[in-house]
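The structure under discussion appears below in the form of structure tokens.
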Amino acid sequence: MKNVLIIGSTGQIGSELTLKLRGLYPEGSIVAGYIPGFEPEGDLLESGPAAEVNVVDAKQIAEAVAKYDIDTIYNLAALLSATAEKYPLKAWDIQMNGLINILEVAREKGCAVFTPSSIGSFGPSTPHKDTPQDTIQRPTSMYGVTKVATELLSDYYFHKYGVDTRSVRFPGLISYKTLPGGGTTDYAVEIYYAAVKGEEFVCPIAEGTLMDMMYMPDALKAAVDIMEADASRLLHRNSFNIASMSFAPEDVFAAIRRQIPDARMRYEVDPVRQAIADSWPDNMDDSCARAEWGWKPSYDLDGMTADMIAHLREKLCTEAI
Ligand code: SER
């Protein structure tokens, strides 16, 4: 990787991945792709080039790729699961028409492409415990439908045209920098904000609902390592299960309480999010990622909780001044 275009650079993953890539590849052009209304600001704006690139506009993608001699595209534009249930056609447009726009440019210009998949690519008929790498994928949400189609289309472009497509199935991602929006796993970020602000957290997911989760530094490492992996070792491409921790709301609440003893939570279950969560794995088996490209996470629930609370205290205190 040298010259990289990040589409969706101001979102939850993009805002951190863009800065990480600029640190790792200082000689290259790491281009922050954005859409109007979501322009880069601060560090993201000042530390490198930016370009207006709407994933549904094939011409804008092609122009940015040509201008910066892009060799790798991170396709991070997506509507998350709960929002995609509200706007299914928009989700299809962004996730599928956007992807094919990118893959076509990549085919012509020889770019590698990373498009994340998700725990959302699984459904009710998938084995929920230790979900295998290769298993039933019959999701019931629009988000899941687009993620399975993304995996298939990305593999298709690899087999048919030799486009270097690679991907991981992200768990719910937890970070203190940029909020996610409209996801089923967002509660696991919001619970930390509530605890640090001293507010009661109203949990939309029921007690006992296990889902895979991951701290952002591990997710960023995965996104870089998979694209840097030795291609000859990859038996899979789109997409690898990756895992680091699996928890239910009461588990993350207990971890927070070990550090903030007066943290409060009550349940008010959102039926849309709960139905999605119930259809997803309890925990994924990530042994193929470990064997094929050396995946290994660094954070567990307690390590992440300590780091989240420390950073949020700093952030929320600075914002209050
Ligand atoms: N975090 C996503 C969501 O909840 C899943 O990949 O929609």
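As the structure lists them, so they are numbered: ligands from 1, and atoms in each ligand from 1. We're numbering straight along the sequence, starting at 1. Bear in mind that the values here come from a model prediction, so they are computed numbers and not experimental data.
Summarising the contacts of atom 6 (O) of ligand 1 with S118, G182, A78, the nearest heavy atom is found in S118.
Taking atom 1 (N) of ligand 1 as the reference point, the nearest protein heavy-atom neighbour is T185 OG1, 2.8 Å.
Applying ring pair (Phe, Tyr, Trp, His ring centres under 6.0 Å) to F240 and the options W293, F114, W295 leaves one that passes, W293.
In this structure, the side chain of D300 engages the main chain of G303 through a donor-acceptor pair within 3.5 Å. A distance-only check finds a donor-acceptor pair linking the side chain of Q133 to the backbone of N241 [under 3.5 Å].
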Exercise for review: Please test R266 against E200 for salt bridge (Lys or Arg N to Asp or Glu O under 4.0 Å), starting from the C-alpha separation and ending with a verdict.
Suggested key: CA-CA 7 Å; R266 72 183 159 84; E200 181 183 46; 3.1 Å; yes
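Close contacts between ligand 1 and S81 involve ligand atoms 3 (C), 4 (O), 7 (O) [criterion: under 4.0 Å to a heavy atom]. Interface atoms of ligand 1 facing T184, defined by a heavy-atom separation under 4.0 Å, are 3 (C), 4 (O), 7 (O). Residue-ligand proximity, Y143 to ligand 1, at heavy-atom distances under 4.0 Å covers atoms 2 (C), 5 (C), 6 (O).
At a 4.0 Å heavy-atom cut-off, ligand 1 touches W280 through the side chain alone.
Residues Y187 and M265 are members of one and the same hydrophobic cluster, defined by side-chain heavy-atom contacts under 4.5 angstrom among Ile, Leu, Val, Met, Phe, Trp and Tyr.
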